[in-house]
Trainee: 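I am attaching a structure below and will ask some questions about it afterwards.
This one's a predicted model, so the numbers in the text were calculated from it and none came from an experiment. All chains are named by letter (A, B, ...) in the order of the sequence lines, taking the proteins before the strands, and each is independently numbered beginning at 1.
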There are 2 protein chains.
Amino acid sequence: MPDFIYNGKIYYNPVQLVMEQIGGTWKAPILWRLKDQTMRYGELRKDIPHISDKMLTTQLRELEDDGYISRKVYAVVPPKTEYSLTTQGKEIIELITTIRNYGLKMIEKQESSKK
Amino acid sequence: MPDFIYNGKIYYNPVQLVMEQIGGTWKAPILWRLKDQTMRYGELRKDIPHISDKMLTTQLRELEDDGYISRKVYAVVPPKTEYSLTTQGKEIIELITTIRNYGLKMIEKQESSKK
DNA sequence: AAGGTTACTTACTAAAAAGTATGTATCGCA
DNA sequence: TGCGATACATACTTTTTAGTAAGTAACCTT
């Protein structure tokens with residue numbers, strides 16, 4: 001598989017592309033929470049341990065730009081914004097689920113091997 | 001899912017754990033090439049575009065430490081070292097295959113959408 | 001004695017990702 | 001008039017990851 005370009009960026013292989021879409025510390029946790037519900041910014045913020053405003057905002061923006069989530073802003077005060085998965089987001093959730101299950105199995109094995 | 005510890009390191013969720021095992025620019029390409037063959041250092045080096053000695057060596061070491069590949073050193077001059085997948089490595093190759101296929105689909109869609 | 005082959009190692013630099021802290025806008029309400 | 005609520009934005013620092021360049025060890029062959 002030769003190098004290729006996606007959205008103007010060079011990638012060396014398909015795995016690298018996927019990793020850039022859902023990799024990093026925060027994207028999977030965000031998508032996971034939107035799996036079957038719409039959530040407000042503040043709800044995500046409270047529900048994802050350790051995340052900061054900066055990280056939550058930037059990752060939400062990237063996920064939106066990449067087409068995985070949609071953002072609905074209500075013109076009210078104080079502000080209200082709702083995030084939810086797009087069709088594309090629902091598709092990639094399946095992959096995340098697979099990866100997640102693999103991770104869970106790893107943890108299990110580790111648990112069982114330390115008596 | 002609360003934080004947990006794996007090999008002495010804290011993780012926030014199972015996906016993050018998997019990402020650390022096979023993420024980064026080079027681990028998937030290396031594992032992929034060992035999918036169904038043993039390869040020498042120099043063969044990997046030539047077969048993986050853009051990779052440097054430093055990156056190849058460090059990633060091979062980490063994959064070995066994490067139990068995905070085994071390293072067989074022959075006591076000859078010039079040196080000869082062979083790398084191959086362990087059982088654990090063969091397991092995670094399946095996951096990598098799934099991720100890779102997802103990436104290939106993404107590329108296809110992009111291809112077809114630009115006339 | 002010098003050169004070739006192979007699998008590394010080491011030092012240094014650059015770029016990317018993440019973390020910390022603080023600030024801002026808006027409007028209703030006390 | 002100042003405070004609270006919410007969803008951000010911005011500046012700066014730290015950490016992590018990757019890239020570049022050069023060097024080393026060992027033995028065989030010429």
Trainee: What is the nucleic acid contact for Thr25(A), judged by heavy atoms within less than 4.0 Å: base, sugar-phosphate only, or nothing?
Mentor: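 Sugar-phosphate: the residue Thr25(A), judged by heavy atoms under 4.0 Å, touches backbone atoms but no base.
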Trainee: Based on Watson-Crick and G-U pairs with both distances under 3.5 Å, what dot-bracket line describes DNA chain C 5' to 3', crossing pairs as [ ] and inter-strand pairs as |?
Mentor: ||||||||||||||||||||||||||||||
Trainee: Identify the heavy atoms of Arg71(A) and Thr81(A) that sit nearest to each other, and give their distance.
Mentor: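 Closest approach of Arg71(A) to Thr81(A): CG-CG2, 3.7 Å.
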Trainee: Decide yes or no on side-chain contact (heavy atoms from CB on, under 4.5 Å) for Glu62(B) and Ile30(B), but give the supporting numbers first.
Mentor: CA-CA 12 Å; Glu62(B) 290 183 19; Ile30(B) 293 171; over 6 Å; no
Trainee: Could you tell me which residues satisfy side-chain contact (heavy atoms from CB on, under 4.5 Å) with Thr57(A), sequence neighbours excluded, listed by chain and number?
Mentor: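 Thr57(A) satisfies side-chain contact (heavy atoms from CB on, under 4.5 Å) with Tyr41(A), Arg61(A) once adjacent residues are dropped.
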Trainee: It should be established whether Trp26(B) places a side-chain nitrogen or oxygen under 4.0 Å from OP1 or OP2 of nucleotide dT17(D).
Mentor: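 Checking Trp26(B) against dT17(D): no side-chain N or O falls below 4.0 Å of OP1 or OP2.
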Trainee: Could you check how far NZ of Lys27(B) sits from P of dT17(D), rounded to whole Å?
Mentor: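 Atom-to-atom, Lys27(B) to dT17(D), this comes out as 9 Å.
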Trainee: Nearest whole angstrom, please: distance from the P of dT20(D) to the CE of Met55(B).
Mentor: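 Nearest whole value for this atom pair: 10 Å.
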Trainee: Side chains of Trp26(A) and Thr58(A), heavy atoms from C-beta outward: is any pair under 4.5 Å?
Mentor: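 Answer no - side chains too far apart.
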Trainee: Measure OH/Tyr83(A) against P/dA7(D) and give the value in whole Å, please.
Mentor: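 Answer to the nearest Å: 8 Å.
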Trainee: Can you tell me which residue pairs pass the salt bridge (Lys or Arg N to Asp or Glu O under 4.0 Å) test with a partner in residues 39-53 of chain B, sequence neighbours excluded?
Mentor: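 Of all non-adjacent pairs touching residues 39-53 of chain B, those that pass salt bridge (Lys or Arg N to Asp or Glu O under 4.0 Å) are Arg33(B)-Asp47(B), Arg45(B)-Asp53(B).
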Trainee: Between atom CD1 in Ile10(A) and atom C1' in dA15(C), what is the gap in whole Å?
Mentor: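 To the nearest whole Å, that distance equals 16 Å.
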Trainee: Taking CG from Asp53(A) and P from dT24(C), how many angstroms apart are they, rounded to a whole number?
Mentor: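 It is 16 Å, rounded to the nearest whole Å.
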Trainee: In whole Å, what is the span from the CD atom of Glu20(B) to the C1' atom of dA18(C)?
Mentor: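 Those two atoms, CD and C1', are 14 Å apart.
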Trainee: Which heavy atom in Asp66(A) sits nearest to a heavy atom in Gln88(A), and how many Å separate them?
Mentor: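 What the structure gives for the nearest pair is O-OE1, 3.1 Å.
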Trainee: Is any side-chain heavy atom of Met19(B) closer than 4.5 Å to a side-chain heavy atom of Ile22(A)?
Mentor: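 Yes, at least one pair of side-chain atoms sits under 4.5 Å.
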Trainee: Using whole Å, what does the distance between atom C1' of nucleotide dT17(D) and atom NZ of Lys54(B) come to?
Mentor: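 Interatomic distance, NZ of Lys54(B) to C1' of dT17(D): 8 Å.
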Trainee: Quick one: does Thr38(B)'s side chain get under 4.5 Å of Lys72(B)'s, heavy atoms only?
Mentor: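 Of all side-chain heavy-atom pairs linking Lys72(B) with Thr38(B), none is under 4.5 Å.
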Trainee: Only one of Thr86(B), Leu85(B), Leu34(B) clears side-chain contact (heavy atoms from CB on, under 4.5 Å) with Ser70(B); which?
Mentor: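 Checked Thr86(B), Leu85(B), Leu34(B) against Ser70(B); only one passes side-chain contact (heavy atoms from CB on, under 4.5 Å): Thr86(B).
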Trainee: What pairs of residues pass the side chain to side chain donor-acceptor pair (under 3.5 Å) test when at least one of them lies in residues 2-22 of chain B, not counting sequence neighbours?
Mentor: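 The answer is His50(A)-Asp3(B), Lys9(B)-Glu20(B), Tyr11(B)-Glu20(B), Gln21(B)-Tyr68(B).
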Trainee: Answer yes or no: is there an ion pair linking Lys105(A) with Glu91(B), defined by an N-O contact shorter than 4.0 Å?
Mentor: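 No salt bridge links Lys105(A) with Glu91(B).
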Trainee: Please enumerate all protein N or O atoms sitting under 3.5 Å from an N or O of nucleotides 2-6 of chain D, with distances to 0.1 Å.
Mentor:
residue : atom : partner  : partner atom : Å
dT6(D)  : O3'  : Arg40(A) : NH2          : 3.1
dT6(D)  : O3'  : Pro79(A) : O            : 2.9

Trainee: Please report the distance, rounded to the nearest Å, between CG in Leu56(A) and P in dT20(C).
Mentor: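 Taking atom P of dT20(C) as the reference, CG of Leu56(A) is at 15 Å.
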Trainee: Scan residues 60-72 of chain A against DNA chain D and write down, sorted by residue number, each residue with any heavy atom closer than 4.0 Å; if none is found, say none.
Mentor: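 Residues of residues 60-72 of chain A that come under 4.0 Å of DNA chain D are, in numerical order, Arg61(A), Arg71(A).
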Trainee: Over all strands shown, is Tyr74(A) touching base, sugar-phosphate only, or nothing at heavy-atom distances under 4.0 angstrom?
Mentor: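 Nothing, no nucleic acid heavy atom in range.
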Trainee: Less than 4.5 Å apart, side chain to side chain, heavy atoms only: is that true for Gln110(B) and Leu17(A)?
Mentor: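 The answer is no; the side chains never approach within 4.5 Å.
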Trainee: Select from Gly24(A) and Thr58(B) the residue whose nearest nucleotide in DNA chain C is closer to the 5' end of that strand.
Mentor: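 Upstream on the strand: Thr58(B).
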